[in-house]
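When reading the values below, keep in mind they use all heavy atoms of this one structure, side chains included, and skip hydrogens, waters and symmetry mates. Both ligands and their constituent atoms are indexed starting at 1 by order of listing.
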Amino acid sequence: MIRYNKNTRLLVLDNKSIGYVVYVNDAGYLETLYFGKHLAGYSDFSCVRNNGVYASPYYDVARGEERTYADGFKTDAVPLEVSPHGLSDKRGAPVIARGKEGGFETDLRFRSLRRMKGAPAIEGLPHAHGDCETADVLLEDKNLRLRAHLYLTIFPDKDILIKSFCLENGGKRPLRLTRAMSMQLDLPRADYDLVHFYGRWAKERDYCCAPVTDGVQEISSNYGRSSAEENPFVFLKERTATMDRGEVIGFNLIYSGNFKFRTRVGTYGGLHILYGINDEDFEWKLGAGEKFYTPQAVIAYSDAGVDAMSQTFHRFIRENLMTYAANRDYKPVLFNSWEGCYFDFDTDLILSYIDDACKLGTELFVLDDGWFGARNSDAAGLGDWTVNEKKIDLKRIITHCTAHKIKFGIWFEPEMVNPDSDLFRAHPEYTLGWGRNELSVSRHQFHLDFSNPEVVENVYRQMRAFLKEYPVDYIKWDYNRTVAEHVSAAYPADRQGEIYHRLVLGFYSLLGRLTREFPKVMFEGCASGGGRFDMGVLYYCPQIWCSDESDPAQRIDIQFNTSLGYPLSAIGAHVNDSPVASYATKAALALFGTYGYEMNPGKLGKEEIDTLDKMADVYRKYHRDVIEDGTLYHLRAPYEGNTMCMQCVSHDRTTSLVLFMNKLKEMDVYRFVRLRGLDARKRYRNTLDGQVHTGEYYEKIGLNFSTTWMSEFTHGLVLLTQEK
Ligand code: DGJ
C-alpha cells in the first residue's frame, strides 16, 4: 500500500481504489504528482512535471539567474506537498515558523522517510485509528532547526487519505509557529465547484455551492468552536458531478476549534489548498525539543459522485474515528425534557414525564438543563455541578426510570460559568479573559478558561463526583456561547496566541478523561444545537444534537445537508411539538437520525401517542440494520426543489427505507424517484402501493409518489423488503 523507490524517489500510496503519488525532487521538495483513481502503474509522470509553466520571465537564464536542478525543478509553479514560506512561492505554506532573528522564511526539505503500521497517535487530539498504513516523511528547515513529520495515512478499504504534521523544535532556542496547518493539497486543475455549509443558530449547515474562483477563498471559523456559521466539512466537485457521477473530493478536520480551509487558484491555474487550524490570532511558542501536533485533515476521494464520498465519510467516522465502545450497538429511543418544560419543573412533573414518555416507546429519559446549582433560568448556576435538592429528588427520578426499565441521562455544560454561581464567586480568575475591564456576556454566561489545567481539573472533579454518586447512562454535553476575550491569566504575554487552541485541548482532555473513566456512559455533543458538529466531537461522542430547530420547515435541509458529511447514526433528531407538520411527518424525519422526542408528553392525544409509539417500533426494528449500518443515498436534494428524498439500504440489500418529503403544497406533479443500491435481480415488496418489483425496476422506473396529493410538509415513508 505504501511504496518508496529510492532510485526514482517516487512515494506511492494506494489501495485497490485510489492512488496518491509524491516525488522527492532534487531540491528536496515534495512534488504532488497524482491524486485520484487507482492506476495500473505509477512510473511515468514526466508530463505532470514538465508542465511548461516553469520559466519565469524575470529570470535571465543566460546569466544563470534561474535556479535549476538536474531534474528540472525550477520555480514555484509545481504542485507541492509543503510550499516554503518567504521565498518566491507565494501560494501559501502550511507551516510558518520564526526563529531567533525573527524572520519568517520557512523552508522544509526532505530528510528521510519511513513507513509505519496504523495511524499516528496525535497527542492530546482526537485521531483516526484502525487498519491503515502511514508514510512518515521527515522534512527539515536547517536554519530554524525545525523538523516536520508529514504524516500521510491510507486505508486498505476506504478512499480516504489523512494528512497531518508533527512539528519539532530540534534547536536550543524557542521557535514561534505563526501558522501550523494540517495540510496542503495542490491539484493541477481548478475547474471545481466548492461546496460548504454556512449557517447560524437553528439554521445550521445550509448548502452553498459556487465555482472555485481565481485568487483566494476561505471557509473558516474564528468563533473558538467549529461553529454553526461554517462547518469543517467541505467538498470540491467537478462542475458536472451529481450525487452519483463525477469527481468529488471531500475534506474534514478532526478538530473542534477555529479552522481555515483556504483555496487559491494560482497564477498558472492550478488549485492550492491549505487546511487546518485557523492562523488568525494563532501563535505557538515551541520550546527546545518540544513538539506540536496538528489535527488530522481527512480527505475522501470519489469518482462516482457526491454520495460515494459521503458514504466513505460515514464508514470512516463509524469505523475509524468513533471510540465509544457501544457505537455499533443499538441506541435507545430518547426522550429529552428541554422543550417540554425548559427550567420549569419539579420532581413530580419529571416523574409524570417519564410515565408519559414510556407510552411513546422511550428507552432513555434525559433531564436537560436546570437540575443543578441555582439554575432556575439561564441566568445562574453554570459551574456548580451539584444537584439542586430543593428542586428535584434525582435519586427518585433515576429509580423511577429503573422501575420502568429505561435508562437515564442528564445535561451538563462543563466549559461555562454564570457570574451568579458559587464557582465564579470563589474563582473569578477561572474565567477566560479575567482582568479585562468588561467581559462580553452571552446567554448570561462567561467562558471558563479551559486553557488552564487547574480549571479543567476543578470541573473534572465535580463531574466525576456526580457520576460516582448517580448512575447515569448518558450525558448531553452542551456549549452555549462562542469564545471572546481569548486571553488567559494563566499564561504570559508571549503565549496568548496559544489560547484558542489550548481551549480545545482542555475540552478534549476533560471529555477524554471522563469517557475513558466512564466508558459505559454515552456522551452526546451539543452546542446551542449544532454549533460544534464536527469530527473532533465524534471521536468521543457517537452522536451530536444536530440543531435546536426540529420544525421540518428547516429541519429537512439541516438533516439532509448534515448527512452529506456525517452518518445518520450521529445526527441527534427529535420529534417536537412544532405545529407546521403532523407528528407522523416529524417522526419519519427523526427516524433518519437518532430517533427521540422533545415535548410535553402529557399534552399528546391518544392518536398522536399511537403514531409515535408505532414509529418507535419501526426504529427498533429497522434502525440498526438499515439506517445505522446501511448505506445512505441522497435521492432528491431539498436545496434543488420542493422535495427531499433519502434512502437507506441494509448491508445485505434485503431491506430499504425511503423517506420522501415535500415542502410546499403541490399536486398533479410527477414525483418518480429512482431508487439506488438495491440488488437488480432481487424482488422487493414496497409499502407505498404493496407491489412487488425487481431492484432493477426500482432503479430504472422508481417509486411513484405522484399519485398522492401532498400538502405542506407531508411525507411518504416506504419500506421495501425482499420477497422470499
Ligand atoms: C441548547 C441546546 O441545544 C438545547 O437542546 C438545550 O439543551 C439548551 N441548550 C439548554 O440550555
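- Annotation: side chain of Tyr430 is not in contact with side chain of Asp449 (no heavy-atom distance under 4.5 Å).
- Near ligand 1, residues Trp338, Asp368, Asp369, Trp411, Arg443, Lys476, Asp478, Asn480, Cys526, Ser528, Gly529, Trp545, Asp548 each place a heavy atom inside the 4.0 Å sphere around the ligand atoms.
- When the salt bridge (charged side-chain N to carboxylate O under 4.0 Å, His left out) test is applied to Lys391, no partner is found at least two apart in sequence or on another chain.
- Aromatic ring pairs are classed by plane angle as parallel below 30°, tilted from 30° to 60° and perpendicular above 60°; the pair Tyr508 and Tyr255 is perpendicular.
- Between Leu448 and Leu382, every side-chain heavy-atom pair lies at or beyond the 4.5 Å cut-off.
- For Asp617, the salt bridge (charged side-chain N to carboxylate O under 4.0 Å, His left out) test picks out Arg620, with sequence neighbours left out.
- Taking Asp548 as the reference, nothing meets the salt bridge (charged side-chain N to carboxylate O under 4.0 Å, His left out) condition, with sequence neighbours excluded.
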